**Student:** 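Take this structure first; my questions come after.
These numbers come from the heavy atoms of this one structure, side chains and all, not from hydrogens, waters or symmetry mates. Each ligand, and each atom within it, is numbered from 1 in the order the structure gives. Fair warning: this is a prediction, and the values are worked out from it, not measured in the lab.
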Amino acid sequence: MNKKSLLSAIKTNRLAQEIHFFNETDSTNSQAKTIAQNTQSKEGSIIIAQRQKQGRGTDGNPWHSDDGNLYFSIIFKNMEKINTLFPLYPAVALAQMLREDYDIEAHVKWPNDVLIGRKKIAGILCEGVAGKSMIMGMGININQEAFPKELQNIATSMKKESHHSYQIETVLNAFLIKYEDLYYSETDIRQEWLKHTHMIGRTITSTQNGIEKKAQVCGMSSEGFLEIKDKDGHKESWMARRGLDISTNY
Ligand code: BTN
């Protein structure tokens, strides 16, 4: 991928009208924050890197960022559209893209993981910038064939699932088309999310602050909160929160 091949691959109408391309950067989310704070960037501006030296995941975890995958962040400026449902859009768009364009059986895990079976194929990190923009950062494992030992049972890639290699900029364009169609339309994102998840009715195991809890998933609220019933039948509604980990074993 280079800037020229990227520019010719992108065929979107709303997103990626402004493109910042890096061979290498610390983190595209960090770059996006700096750009959103310091410049007159447009809604939908995208920051893409071939590799990241300090890719960031949720809860302060590092995000493994070798060559061959896709790392990007998009700046959203229209704060009227930023609400608790915001993180669901990229997850659903990616699951749709993997299923419809690549025949890979992806499903979403609340709040915004995208899995193949029990393994993660992508990660999403949404971060606000001083109340005036929102960053959606995504890493999609595309051509990675081998993962470090600690990730082998929990991570996968498009190549591992399909035994094909992909042009990174083509995958990016396919994702962006799905994402803008969903995000800038009147689609009921909650309904779309429900269509792409296996969680409803399943018993999940969550861990937070070392405390393990089992619960049955009943649904998702209009705000995008996970509705669960605990073992005594008490109902709760969970917001995505720091340190909350839900096992993929459901
Ligand atoms: C997760 O832990 O699941 C979220 C991972 C998010 C990784 C992406 S890669 C592009 C963007 N830049 C970052 O530093 N992080 C996000």
Side-chain angles (χ1 to χ4, degrees), residues 1 6 15-16 19-37 41 44-76 86-95 97-98 106-129 133-144 147-148 150-158 168-169 171-173 175-176 179 193 197 199 206-208 226 240-248:
M1 177 168 59
L6 188 59
L15 297 173
I19 297 178
H20 302 258
F21 175 76
F22 296 86
N23 288 321
E24 182 174 281
T25 186
D26 50 354
S27 145
T28 56
N29 263 37
S30 304
Q31 284 290 348
K33 279 184 168 179
T34 308
I35 291 169
Q37 256 162 351
S41 52
S45 296
I46 186 164
I47 295 84
I48 306 161
Q50 308 228 67
R51 52 191 172 273
Q52 301 182 114
K53 283 178 295 180
Q54 285 173 299
R56 296 190 283 109
T58 46
D59 289 328
N61 293 318
W63 185 256
H64 185 83
S65 306
D66 280 352
D67 274 327
N69 297 326
L70 178 55
Y71 312 103
F72 66 99
S73 303
I74 302 180
I75 302 173
F76 290 91
F86 178 84
L88 304 181
Y89 287 88
V92 173
L94 182 62
M97 181 209 84
L98 289 166
H107 59 103
V108 293
K109 169 178 167 268
W110 186 84
N112 58 5
D113 276 337
V114 179
L115 306 180
I116 314 296
R118 289 178 179 173
K119 294 180 177 174
K120 232 166 122 146
I121 196 161
I124 296 171
L125 181 65
C126 298
E127 297 183 293
V129 184
S133 15
M134 189 75 186
I135 310 293
M136 189 295 294
M138 182 182 272
I140 310 177
N141 298 333
I142 298 185
N143 293 319
Q144 187 158 357
F147 287 90
E150 68 278 12
L151 298 180
Q152 275 167 16
N153 293 328
I154 55 173
T156 189
S157 67
M158 290 176 67
I168 294 174
E169 48 276 52
V171 176
L172 175 62
N173 183 58
F175 169 75
L176 292 175
Y179 192 20
W193 191 91
T197 193
M199 293 182 96
S206 72
T207 316
Q208 191 172 30
L226 194 70
R241 51 190 191 265
R242 216 179 150 75
L244 173 67
D245 180 58
I246 297 175
S247 160
T248 59

**Student:** Provide, to 0.1 Å, the distance between atom 16 (C) of ligand 1 and the closest protein heavy atom, together with that atom's residue and name.
**Tutor:**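 Ranked first by proximity to atom 16 (C) of ligand 1 is Arg56 O, 3.8 Å.
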
**Student:** Report, in ascending order of atom number, the atoms of ligand 1 lying under 4.0 Å from any heavy atom of Ser27.
**Tutor:**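 Answer for ligand 1: 12 (N), 13 (C), 14 (O).
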
**Student:** Taking side chain as C-beta onward, heavy atoms only, is Asp113 less than 4.5 Å from Ile246?
**Tutor:**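 Side-chain contact under 4.5 Å: no.
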
**Student:** Going through the distances and angles, do Asn29 and Ser73 end up as a side-chain hydrogen bond (donor to acceptor under 3.5 Å, both in side chains)?
**Tutor:** CA-CA 6 Å; Asn29 263 37; Ser73 303; 2.6 Å; yes

**Student:** Atoms of ligand 1 less than 4.0 Å from Gly139 heavy atoms?
**Tutor:**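 That gives atoms 8 (C), 9 (S) of ligand 1.
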
**Student:** Write out the residue and atom name of the closest protein heavy atom to atom 5 (C) of ligand 1, then the distance separating them to 0.1 Å.
**Tutor:**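 The closest one turns out to be Trp63 CE3, 3.4 Å.
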
**Student:** Can you check which of Gln54, Lys120, Met136, Gln52 brings a heavy atom nearest to atom 13 (C) of ligand 1?
**Tutor:**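 The option holding the nearest heavy atom is Gln52.
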
**Student:** For Thr28, take its heavy atoms, then give the atoms of ligand 1 lying under 4.0 Å from any of them.
**Tutor:**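 Within the 4.0 Å cut-off of Thr28, ligand 1 contributes 10 (C), 11 (C), 12 (N).
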
**Student:** Please identify which atoms of ligand 1 are closer than 4.0 Å to at least one heavy atom of Gly55.
**Tutor:**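 Those atoms are 14 (O).
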
**Student:** Are Ile47 and Ile75 packed together at the side-chain level, in the sense that at least one heavy-atom pair is separated by less than 4.5 angstrom?
**Tutor:**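 They are in contact (side-chain heavy atoms under 4.5 Å apart), so the answer is yes.
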
**Student:** Under 4.0 Å from ligand 1, counting heavy atoms only, is it the side chain of Ile124, its backbone, both or neither?
**Tutor:**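 It is the backbone that gets close, since no side chain atom is under 4.0 Å.
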
**Student:** Hey, does the side chain of Gln208 reach the backbone of Arg242 with a donor-acceptor pair shorter than 3.5 angstrom?
**Tutor:**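 Checked: pair present.
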
**Student:** Using atom types as modelled and distance alone, determine if a side-chain donor or acceptor of Asp26 lies under 3.5 Å from a backbone N or O of Gln54.
**Tutor:**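 Here the side-chain-to-backbone pair does not exist.
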
**Student:** Should Leu244 and Ser206 count as side-chain neighbours, where that means a heavy-atom distance under 4.5 Å?
**Tutor:**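 Yes. Closest side-chain heavy atoms under 4.5 Å.
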
**Student:** Any atoms of ligand 1 less than 4.0 Å from a non-hydrogen atom of Gly123? List them with their elements.
**Tutor:**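 Heavy-atom distances to Gly123 below 4.0 Å select 3 (O), 4 (C), 5 (C), 6 (C).
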
**Student:** Using a 4.0 Å cut-off to any heavy atom of Gly57, which atoms of ligand 1 qualify?
**Tutor:**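 Once the distances to Gly57 are compared, the set is 1 (C), 2 (O), 4 (C), 5 (C).
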
**Student:** Any sub-3.5 Å donor-acceptor pair from Ser65's side-chain atoms to Arg51's backbone N or O?
**Tutor:**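 Looks like no, no N/O pair under 3.5 Å.
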
**Student:** At what distance is the nearest protein heavy atom to atom 2 (O) of ligand 1, and which residue and atom is it?
**Tutor:**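 Here the nearest protein heavy atom works out to Thr58 N, 2.8 Å.
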
**Student:** Parallel under 30°, tilted from 30 to 60°, perpendicular over 60°: which one fits the rings of Phe86 and Phe76?
**Tutor:**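 Correct class here is perpendicular.
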
